[in-house]
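For reference, the structure discussed in these notes is given below.
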Number of protein chains: 2
Amino acid sequence: MLPTTGLPQGAVPKLERPGPLRDRVYEALLELITTRALQPGQHLVESELAGHLGVSRQPVREALQRLSTEGWVDLRPAQGAFVHEPTDEEADQLLSVRTLLEAEAARLAAANAGADAVAALEKLCDEGEKAVDADDVDGAVAMNARLHAKVMELAGNTVLAGLAAQVDRRVRWYYTPVARQRGHRSWIEHRELIAAIADRDEERATAVMRAHTEHTRKMYREREK
Amino acid sequence: MLPTTGLPQGAVPKLERPGPLRDRVYEALLELITTRALQPGQHLVESELAGHLGVSRQPVREALQRLSTEGWVDLRPAQGAFVHEPTDEEADQLLSVRTLLEAEAARLAAANAGADAVAALEKLCDEGEKAVDADDVDGAVAMNARLHAKVMELAGNTVLAGLAAQVDRRVRWYYTPVARQRGHRSWIEHRELIAAIADRDEERATAVMRAHTEHTRKMYREREK
DNA sequence: GAATTGGTTTTCGCCTACAGTCTACGGCGC
DNA sequence: GCGCCGTAGACTGTAGGCGAAAACCAATTC
């Protein structure tokens, strides 16, 4: 028993710590990039960002460094950081990798999932469909992300989850503009996926997820033209 | 035509630029980690490393930052960097992800490969076997890496290649101690893989690569006990 | 003897300053 | 008028320094 004080565990609100500045800068920049406030190809000047965010250059540099390794910005030596410009080819490759990772996650989820897990998935699906019916695009996209994240969690492979999280976020960056077009159909497929997971049918879960992600990929390709 | 000088393209050796210091620090630290000079769990003190490498703390910080995002070190806030301690579970997950990525790469390679590509693979395989015969473990491991990298290159998916490169390097970190045990058998499997690629047989290439990487995974598991 | 508390030291997080390098622009020669 | 060179500006790369938080250790109290 750790707490020798008579206080209950959650009584002390953990003393909201701001957390490392570099992380907050990272989050801020990522937000600016994903919302297109910083456009692809744009030159990111360290001192400018630092001044704008009210911090020094150092945290900005570290944030840019991290964004670089995750593929959000390109760091050209002695020239600075530029917001990454996604090519159509790269987007397609990213989507195909996503298909691979998500399909595997679906398979593992089907192998591991219990009744309570399935219930949780159903709940997420309900909310997602509700958002679609209400024309709440942002909400639907968010629920979609949470659903996929939940499947990934059920897969129980943290390494896989880490890679998928990166890929997914970038995919969503490219994909958000076309998300609007893909409403109900997507959630019907989600239902099929959950059914397959509930049946513990690894083969079918893999196939459904593959079809699902490939579907969005095809939609992206058609949009390119 | 860019070169208006009459000089051939490669004549000027690009004026050997030292390149960003942080990258060299990164390479140096990665070398130290993979060679076990810095042991898992060890606390990495910035000023210590900086002094040892003859640079300031800043490049060291940036290198550690990058190593952190790639999973080599754990960056605990306000505490510093610690060499990542791989758990058995994590190693297993990493190996399973590797299987997934490499199998897909093999499939794509089989779909794309031409005669010259197959020849290049054969050449790498020859050298690898030569290294094994000479009991040159480090050389064999290196050739193994280059062979897999070549397959990945043939797959033609840079995103996939990027992920696989990270995973592979970490796998090799865990795996190096047991590499010695897995000599000839591994290279026989390589031959089978190349044959499948030469036949443009995607199914078989996938299966062979999957068996190959799963084989090393099993070997690792047995070693755990 | 065990737990706590206070001070001390180490180390990180961030800021500021300086040097090197690349880019852009204006003047000069052809 | 056209192209080259030199200079000025801006930005990045690196170094050093200060304040603060965490870990460590010893003295003290129960």
Side-chain angles (χ1 to χ4, degrees), chain A residues 1-7 12-29 38-39 41-69 72-84, chain B residues 1-7 12-29 32 38-39 41-69 72-85:
Chain A
M1 292 279 261
L2 273 173
T4 49
T5 71
L7 293 170
V12 183
K14 272 287 182 63
L15 201 47
E16 269 290 348
R17 218 174 321 182
L21 207 48
R22 55 162 176 254
D23 291 343
R24 285 190 293 171
V25 172
Y26 166 82
E27 297 289 346
L29 290 180
L38 297 175
Q39 292 179 2
Q42 185 170 341
H43 181 90
L44 300 179
V45 180
E46 294 176 357
S47 52
E48 213 170 294
L49 296 173
H52 198 275
L53 294 172
V55 299
S56 163
R57 273 179 55 208
Q58 172 118 353
V60 175
R61 283 181 67 83
E62 296 185 357
L64 289 175
Q65 188 87 27
R66 183 167 160 199
L67 288 169
S68 166
T69 65
W72 293 100
V73 306
D74 298 319
L75 220 49
R76 287 184 248 172
Q79 258 192 300
F82 297 79
V83 179
H84 181 68
Chain B
M1 292 282 257
L2 273 174
T4 49
T5 69
L7 292 171
V12 182
K14 271 290 183 63
L15 199 47
E16 267 300 341
R17 217 176 321 182
L21 207 47
R22 56 165 175 256
D23 291 342
R24 285 189 292 172
V25 172
Y26 167 82
E27 296 290 345
L29 290 180
L32 289 174
L38 298 175
Q39 291 179 3
Q42 184 169 345
H43 180 61
L44 301 179
V45 180
E46 295 177 356
S47 52
E48 212 169 295
L49 296 174
H52 198 274
L53 294 172
V55 298
S56 164
R57 272 178 55 209
Q58 174 107 353
V60 174
R61 282 181 67 82
E62 297 185 356
L64 288 175
Q65 184 85 24
R66 183 168 162 198
L67 289 169
S68 166
T69 66
W72 293 100
V73 307
D74 298 320
L75 219 50
R76 288 186 246 171
Q79 260 194 304
F82 297 79
V83 180
H84 181 69
E85 297 191 69

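Chain letters run A, B, ... following the sequence lines, proteins first and then strands; every chain starts at 1. The structure displayed is predicted, hence computed values, not measured ones.
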Results of side chain to side chain donor-acceptor pair (under 3.5 Å) for T69(B) - residues two or more places apart only: T69(A)
Pairing residues for E62(B) by the side chain to side chain donor-acceptor pair (under 3.5 Å) criterion, not counting sequence neighbours: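 Only R61(A), R22(B), Q58(B) meet the side chain to side chain donor-acceptor pair (under 3.5 Å) criterion with E62(B).
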Salt bridge (charged side-chain N to carboxylate O under 4.0 Å, His left out) against R57(B), all qualifying residues, sequence neighbours excluded: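 Per chain and number, R57(B) pairs via salt bridge (charged side-chain N to carboxylate O under 4.0 Å, His left out) with E46(B).
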Partner set under salt bridge (charged side-chain N to carboxylate O under 4.0 Å, His left out) for D23(A), not counting sequence neighbours: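 So D23(A) forms a salt bridge (charged side-chain N to carboxylate O under 4.0 Å, His left out) with R66(A).
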Side-chain N,O (S56(B)) to OP1/OP2 (dT14(D)) below 4.0 Å: no
With sequence neighbours excluded, residues passing ring pair (Phe, Tyr, Trp, His ring centres under 6.0 Å) with F82(B): H43(B)
Taking [atom1] from [X] and [atom2] from [N], how many angstroms apart are they, rounded to a whole number?
{"X": "L64(A)", "N": "dC11(D)", "atom1": "CG", "atom2": "P", "value": "14 Å"}
{"X": "Y26(A)", "N": "dC14(C)", "atom1": "OH", "atom2": "C1'", "value": "21 Å"}
{"X": "Q58(A)", "N": "dT12(D)", "atom1": "CD", "atom2": "P", "value": "14 Å"}
{"X": "D23(B)", "N": "dT14(D)", "atom1": "CG", "atom2": "C1'", "value": "14 Å"}
{"X": "E62(A)", "N": "dG13(C)", "atom1": "CD", "atom2": "C1'", "value": "8 Å"}

Separation between CG of L44(B) and CG of L67(B), rounded to the nearest 0.5 Å: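 It is 8.5 Å, given to the nearest 0.5 Å.
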Under-3.5 Å N/O pairs linking protein and nucleotides 8-12 of chain C:
| from | atom 1 | to | atom 2 | distance (Å) |
| --- | --- | --- | --- | --- |
| dC12(C) | OP1 | L44(B) | O | 3.3 |
| dC12(C) | OP1 | E46(B) | N | 3.4 |
| dC12(C) | OP2 | E46(B) | N | 3.3 |

